[in-house]
Every structure is written in C-alpha cells, then in structure tokens.
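A short write-up of the structure that comes next.
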Protein chains: 2
Amino acid sequence: MKTSDGAPIRVVLADDERMVRTALRAILESENEFEVAGEAATGAEAVAVVRELLPDVVLMDVRMPEVDGIRATEQILRTVAEPPRIVVVTTFENDAYVYEALRAGASGFLLKRADADELVQAVRLVARSDSLLFPAAVRSLAAEHAAARRAAPPWVARLSGREADVLRLMATGLTNAEIASRIGVGPATVKTHVASVLAKTGTRDRTQAVIAAYEAGFVGT
Amino acid sequence: MKTSDGAPIRVVLADDERMVRTALRAILESENEFEVAGEAATGAEAVAVVRELLPDVVLMDVRMPEVDGIRATEQILRTVAEPPRIVVVTTFENDAYVYEALRAGASGFLLKRADADELVQAVRLVARSDSLLFPAAVRSLAAEHAAARRAAPPWVARLSGREADVLRLMATGLTNAEIASRIGVGPATVKTHVASVLAKTGTRDRTQAVIAAYEAGFVGT
DNA sequence: CGCCGCCTCCCCCGCCCGGCGGAGGCGGTT
DNA sequence: AACCGCCTCCGCCGGGCGGGGGAGGCGGCG
C-alpha cells in the first residue's frame, strides 16, 4: 500500500509522564513514515511546541498539569493557522472528557491500553483524513442518549391527540389563552385538556407537567 | 508494517445498488489483503449471506429494500455466533441513522464519498480492533449534545446564589410556599427571588423559567 | 341501542402566582 | 461616607390557573 507518499507524518507528543512519551515515540519511530517532531509535558507547553513546529498530528493526554489536554486542544485549534489533527489519549473508556474533547475539536481518541498497531493505524488515518477514531466508550454514551430519548413513560401513550398537542404547547411556555388561540378553540376547552394532562401525568400544575414532559423526552431539549 | 498476517480479511458487501457494490469490490480487491466473500442487495439477503459465509467485516448500506441496514445489523449481531464487525455506509453526514447504527452495535461508519484509501484503512482497522470510525458527522451530533449541556447562556452567570437555588427548586415542581419552607425563609422572600429569576431569564412566569432552565442545561434532564 | 372515550364549551370558586411598591441589614467598591 | 448589589421580609392587587360540576356532539364497540 501507499504508506509513504513523500514526507513523513510529523507528530508531537503531549503527556506529563516521560515514560508514556518514550513509549509512544518508540512505537511511532519503528515505522519510518512517522517523525516525532517534539514533546511537551504540560498543556501550555503543548500549545507552544505546536505553534513552533506545526506538526501534522498531536497525541494529547487529557490529564496534564497547568492546562489540561482539552483546553490545550481548544487553544491550538483556535490560534494556530493550519492546526494539526489532534488525537486525545484517555485512560478510561467512559471518561467524561470524551465529550469535552469532541467539542474542543479533537480528531480522534485513543485508549492508553491500545496496542502498538492500533496507535499506528490511528495516527496514520487521522493524518490523512478527518475521521474520528472512537473506542468502544462512545457506544455506551450513544446508547445512553438513545435510551433517554426512547424510554417510553407509561402516560405518554395514554394522552389523546389533543392532550398531547396541548402539553407540547404548554412546554413552550404558552398560557391557556394563547394555546386556545393557537389551536383555534375556546379557552375553556384548553382548560379541560390541561386538566386531563395533569391527571394523566400525575402532576398538580402546569409547571410539573412541563417538567414531566422534559424528563420523559416528550419534548426535545 | 504487518498488513498480512496470513489469511485475508473476508468482506461482505450489502448495498442495493449494483454499481456501488462493484466499486467497493474493485477498491478492496486492489489490495490483496482483502477478499470479497459475498454480496447482498437487501437487508434480509445480507443476514442470510453473513450467516452463510461468516465474514470478518460487513460493509452495510443504511437504505435498503425490505430490511434496512440498521435492522440487518441488529439481526446479525443478535443471531450470529461470532458476528463480523459491521461498517455502516451512509450518504449524508448528519444522517439520523448514525445514532441507530451505534445502538445496533455497528463498529464503524463510512461516508459514501470517502475515497478509496479511507475505505481500505477503515476496513483494515475495523477488522483488527473494535474501534469506531467516525465521519465528521458525529462531531456535530456530539457538539449538539454538548452544546445543549454546556452552552453557558448569558443569564446563568448573572443569577445570585439564592436565585439559582430557587430556580433549581422551581424546576422540581415546588410551589413558592414549599420552596420557602425548604430553604427556611418566608414565602415573601421566595417570591422576591422568583421575581428576580423571571427578570434575569427574561421569562414571564415560573413555567417559562423552568423551560429556560431545562433548555440551558441548568437542570439535568 | 347503550356505553364509553374524545373533543368542545359553559359556570363558579379559591388559591397561588406574578407585578408593584416599600423597607431594613450586610458587605464590597469607589 | 455614599453607593450598589444581594438577601431578607412586608403589604396590596389583579388575574391566570386548577378543581369541581355540568352539558352536548361525535365516533367506535359490544
């Protein structure tokens, strides 16, 4: 395959543990398509080194002194003209930082227990395209989301069409009169529907009903 | 690098368009490490073929007649003893199916406009590890989530400590009197705080304030 | 046909809520 | 010292809201 199309992939390693950096360097340099251009032991250092060396890829640890990997990622992507692809390295799959890293604009993820081959593949892929590499972690996060969205609370099915409409409008902050004019019925009718909604949701006022609607995912956050 | 450690990677292609299958086959077979073991034009066919051939990787289109790619993925993972890694192929980045595919247990994603090299890399990586390959799509999805959770709406910082307490309690469905006894102050005091919250959130009643709190991620859904 | 659920609308009552103005104490900034 | 923001409370008022009851029309189901 066409691994080396000329220049090597220039990598910067950012990790506060020297041993980790050494290990990563050893793995990458065993392939001649990589060149470890520099190292950094803190987030601030990482930003400086990247600004200086303009590498293709940065392997960024999340937990680092002074400035953590997430904020370093943000700063790099915000301030460097042609920013590198950044691969965030985490220890635990279910690390809450995964979200943060995504937001910050990371191009990939890697677990510290990944083997050498995975590391090589990841760096190579990230260098060539914008793809995101994900550990299994994301699967559970996505499942969580999906679960929250899908959990069908008992009362949802029992709402009549009109009641559902009214609840949705309640959840936008409208008063009964506003809902009435919106759906073209009298205010008294809306009151009736609201009363039904309160009964079926087991709530005592519109505020609680709206809360229930949100908690049930009945309205999208 | 150690690309071929003996047997080739056996791949099954599932796509209702013959041309797509042909193109994928051409790309994969240009590398001798892959072997396209079979093809399928529908979801049901895909399940049958996989059960028959037990490949290492399946490239699965989302939109297919009869049974879509998502449900085919579910069925394969649920019914095949040693299921293959499944890479879901989508046309659009912001495809809602991405979530579904994750839930179904897909090991990767690929955009149809991905180039040959990306495809090869993706299949190879997925075959060897459980990593998920993500197109940029996921970034926006995750950003959306994160944004909802994190987007610091201007008014949040402007709430005083007491006001924040009161808003949180409002968002649990308590009345002013209940909030008062909960935080050990007079009802009139709570009314004042509520009024401040309404003013700062730019809402007119407690229901709208609670909605704003949810939308802002001020309270966890 | 009778029963039931849904949608529509009406009445009255009472409370809680939101809007208004006023007040005092406390701590930090200028 | 003057000022401002926050927290604490008080009163009054009007209105939206929730509870209770009643009523009629419509459609489906046994």
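Here the structure is a predicted model, which means the values were calculated and not measured. Reminder, nothing fancy here: chain letters follow the sequence lines and each chain counts from 1.
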Point to revise | Which residue lies more 5' along DNA chain C, comparing B:L198 with B:T192 via nearest heavy atoms | key: B:L198
Review point. Distance check: side-chain N/O of A:T189 vs OP1/OP2 of C:dC9, anything under 4.0 Å?
Key: yes
Check your understanding: Between A:N176 and D:dG16, is there a side-chain N or O to OP1/OP2 distance below 4.0 Å?
Key -> no
Review point. Looking for any heavy atom pair under 4.0 Å, which part of the strands does A:S160 touch: base, sugar-phosphate only, or nothing?
Key: sugar-phosphate
Check your understanding: Nearest-Å distance, NZ (A:K191) to P (D:dG20)?
Key -> 12 Å
Check your understanding: Is B:R162 near enough to D:dC6 that one of its side-chain N or O atoms lies under 4.0 angstrom from OP1 or OP2?
Key -> no
Review point. Quick one: on DNA chain D, does B:D205 or B:K200 contact a more 5' nucleotide (nearest heavy atom)?
Key: B:K200
Practice item. Answer whether the closest heavy-atom distance between the side chains of A:L54 and A:V80 falls below 4.5 Å. Key: yes
Point to revise | Atom-pair distance (CD on B:E178; P on C:dC17), nearest Å | key: 8 Å
Review point. Looking at B:H193, does any N or O in its side chain come under 4.0 Å of the phosphate oxygens OP1/OP2 on D:dC6?
Key: no
Exercise for review: Just call it for A:A188: base, sugar-phosphate, or nothing, with non-hydrogen atoms closer than 4.0 Å on any strand.
Suggested key: base
Review point. To the nearest angstrom, how far is B:I179 atom CD1 from D:dT8 atom P?
Key: 13 Å
